[in-house]
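Reminder, nothing fancy here: chain letters follow the sequence lines and each chain counts from 1.
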Amino acid sequence: MARYNAKETESYWQQQWADQQVFAVQEDRSRPKYYVLEMFPYPSGRIHMGHVRNYTLGDVVARYKRAQGFNVLHPMGWDAFGLPAENAAIENRSHPADWTRDNIAAMRTQLQSMGLSYDWDRELATCEPGYYRHEQKMFLDFLANDLVYRKESWVNWDPVENTVLANEQVIDGRGWRSGALVEKRKLAQWFLKITDYSEELLSALDGLERWPDRVRLMQHNWIGRSEGARLRFELEGRDDRLEVYTTRHDTLFGASFCAIAANHPLAQEQASSNTDLATFIAECNRMSTSEADIEKAEKKGFATGIYARHPLRPDVRLPVYVANFVLMEYGTGAIFGCPAHDQRDLDFALKYNLPVLPVVIPEGVDAATFTVGETAYTGDGRLGNSEFLDGMTVAEAKTEVASRLQASGIGETSVTYRLRDRGVSRQRYWGCPIPVIHCDDCGAVPVPETELPVELPRDIDFDEPGNPLARHPSWKHVGCPACGKPALRETDTFDTFFESSWYFLRFCDPHNTDRGVGDAAAYWMPVDQYIGGIEHAVLHLLYSRFFMRALKKCGYVTQDEPFDGLLTQGMVCHETYRDDKGKWVLPGDLLTLEDGSLVARPDNRPVTRGRSEKMSKSKKNVVDPESILETYGADVARLFMLSDSPPDRDLEWTDSGVDGAWRYLNRLWKLGEDILGATASEPARRDGDDEVSRAIHKTIDGVTSDLDRFHFNKAVARIRELSNLIGGLDLNQPGNPGLARFGFETIIMLISPMAPHIADELWRQFGHADPVIHASWPVASKELLVDENVTIGIQINGKMRATIEMSLDAERETVEAAALAEPKVIAQLEGKTPRKIIVVPNRIVNIVA
RNA sequence: GGCCGCGUGGUGGAAUUGGUAGACACAGCAGACUUAAAAUCUGCCUUGGGGCAACCCGAGUGCCGGUUCAAGUCCGGCCGCGGCCACCA
């Protein structure tokens, strides 16, 4: 055996695995299935460290489960539609399809050099008609099942990307990719009825026991259920009523105004005959939705001149305002304001000189003297100034108001969700065409199934801004499928979340041409372990949950939840560096001078070290995985990623940590060489009950439970501990070589999911013909997990003073006597008689004196 | 503003869920090998004090207090950092 050559070994074994098709998977109902999936990447062209971490984690799980006898499905594909391809097309005059496919090829090569155990035969790319035709079929089924609808609505318009953005894609009032200030526009859009499932998506969160609590909480908050009431106010001089939504119907007697959203139908109606109001509404629609601006934004209103009648007090008239803080999208788009108990309403009331009547009185305060100044009272208390409600608790008052309103037909309790239907139309080329044809006579007509897929045309140009599909000379001109008259194709495409909401189903049977979701899904689904970034906690993960339910309704699947277990990995971080001009510097351009100072190549500019942040191109604190794979090999990169931090925490990338992983693998190689030399004719000795054998079995047990719980860093620590122990054995002592061999072969198996190449090479050197992947996971002997003797700590008044060796499960009295006989204990007690002695079996003795 | 996390050596992190704090590493220091360096190997490595020494005494898990025989772990109050949501009625 020569010095370990990672490069040769890794490419040799990658070839072996491919040739022997060791990762090919089939339905095999005789074995339990295990579906492990990492979030598929966008083909940007190069992998980054986040990918390396994500796919390493998934690969460890896949290989470990396979060794345990599971039939493991572990596929990889490409989330291949999306804007960057179009931007690249504009910049480089390339075609989005070519750009995307080239990137996929490049990234596939990179991923393959990581030695990941994918069944590449199942690879898919969402931009291929073979994929998206099924998506178009799903859309048609959604239409038929009342899960999708078209409506005119106010949308977020990104003026730079010339497209609509979902609410979730607007961050601080700006487009998530372009950073441009988002405008409001009214457009006809297709919407998915996710709100039909609000309650179910919420309540089913409880069943997702193998999801991180915080992800469940984020979805819980995102769905945002609130229990309140809808009330219909009579409007003076009008026949229609104003419906408001409130969660504080207990405060109804404190109401002093009503407010409606700028885009509320009543506001729109009034604006048609009132130019000042129209101006005000236009102003509201221009308003920025960024955090900072909202903080500062004044609560502004415009009195419509309409008055609402108080439903419980005929003498009270409530002026109706159009107000800039009322959202059309939530509740009914109208509220009643109770200034005394809502800060926003109070600000508004003070500005427009509206009455402030407290109706919830803090316990022990007289209703007659309680006043509200500039701060609304939002605490608990009893009702006051509220006629028949006086003296009730808030909860009692809510019930009473609800039942009175219900009895008189004015209102009823109502549950409202923050979750909104998701608009899916995007005015882009590089996406899945929405299979609809617009006919002047027949309206929006679904494309007949026999004509699917509606394929993207290849010949498009990006010379002008906007959607090239809409400008294409012929593509959109078709006959109406219903009446045959000339009609126009929908030129919008789906938002890319559509593709990623069901790809996990496609992996179960990716070559099925008839159906998007074949029968194999019933065998493989749900995904047993899904792994990816926390940034998808709400969007992707919630929409995938919705898709499963929608597809179930359409008969595609029988299950509700797509992902049984979820692991959200932390970010890969790195220190940041800036030169004397404040420009970011790549870690690779750094040079440490002899005096220890940091400079940047090539001109040795002085550099200051900044805090560690998520690796990002903009701050240049990136390390290119390819250079690491090239210099150290995949096993080193994988081992480092696993050993330094728990997977759900942020990982600090350090060169020295990588070196440490490199040194360990070389030490392991050397150790294997020594043991092999010493045991040329001696087999592994597995039958001992000595301390080393016990340590080996304890390591097996520990690593197994660590991997079960994704404590990869601890598993690595245990393996290193064992290799330190085995490395310390004197191979000249009789018996030791066989023991060392047993220990070492165990280490190879335990480390094989993490560093698979070196494991397979060592495995072969130790005389095994088949790759480690075919060996079954080692099982610890129960009887070797417990020691004959235990070390028991002795405390005096809670302070550690000594330890004693006792046989396992020694009698309480024996332990007590031994503890009291310990010289240090005698010295510490100074002749005092213990008042009490607590004995925790096999663990600790505490003497209270 | 609302909700939720997290604070352990110089650093990343362990600690069987209330029972011997600091496993395993990284960095550092000392030594061995070497003409020398790199690599490798060995040792030290929370902190203050004492001892030639194996060791001994005290303090110590952000701060203050509490519960307990026993607290990094549980409770209360501060301080700091981070995440998500946010004009949601």
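- Residue A/Tyr245 places none of its side-chain N or O atoms closer than 4.0 Å to OP1 or OP2 of B/rA89.
- In this structure, A/Thr791 reaches the bases: a heavy-atom distance under 4.0 Å links it to at least one base atom across the strands shown.
- Of the listed nucleotides (B/rC57, B/rU40, B/rC85), B/rC85 has the atom at the smallest distance from the side chain of A/Arg418.
- A/Arg835 comes within 4.0 angstrom of no nucleic acid atom, judged by non-hydrogen atoms across all strands.
- Nucleic acid contact for A/Val326: base, since at least one base atom lies under 4.0 Å from a heavy atom of the residue.
- The backbone N or O of A/Val845 sits nowhere less than 3.5 Å from a side-chain atom of A/Glu816 that would complete a donor-acceptor pair.
- Counting non-hydrogen atoms under 4.0 angstrom, A/Lys799 reaches the backbone sugars and phosphates but no base.
- Taking 4.0 angstrom as the limit, A/Arg843 places none of its side-chain polar atoms (N or O) nearer than this to OP1 or OP2 of B/rA15.
- When each of A/Gln828 and A/Thr332 is assigned the nucleotide of RNA chain B with its nearest heavy atom, A/Gln828 is the one assigned upstream, toward the 5' end.
- As judged by a 4.0 angstrom heavy-atom cut-off over every strand, A/Asn724 is placed among residues touching the sugar-phosphate backbone only.
- Looking at the side chain of A/Asn846, the nearest of the listed nucleotides B/rA70, B/rU16, B/rC26 is B/rA70.
- Residue A/Ser226 places none of its side-chain N or O atoms closer than 4.0 Å to OP1 or OP2 of B/rC88.
- Within the nucleic acid shown, A/Lys300 has no heavy atom closer than 4.0 Å to any nucleic acid atom.
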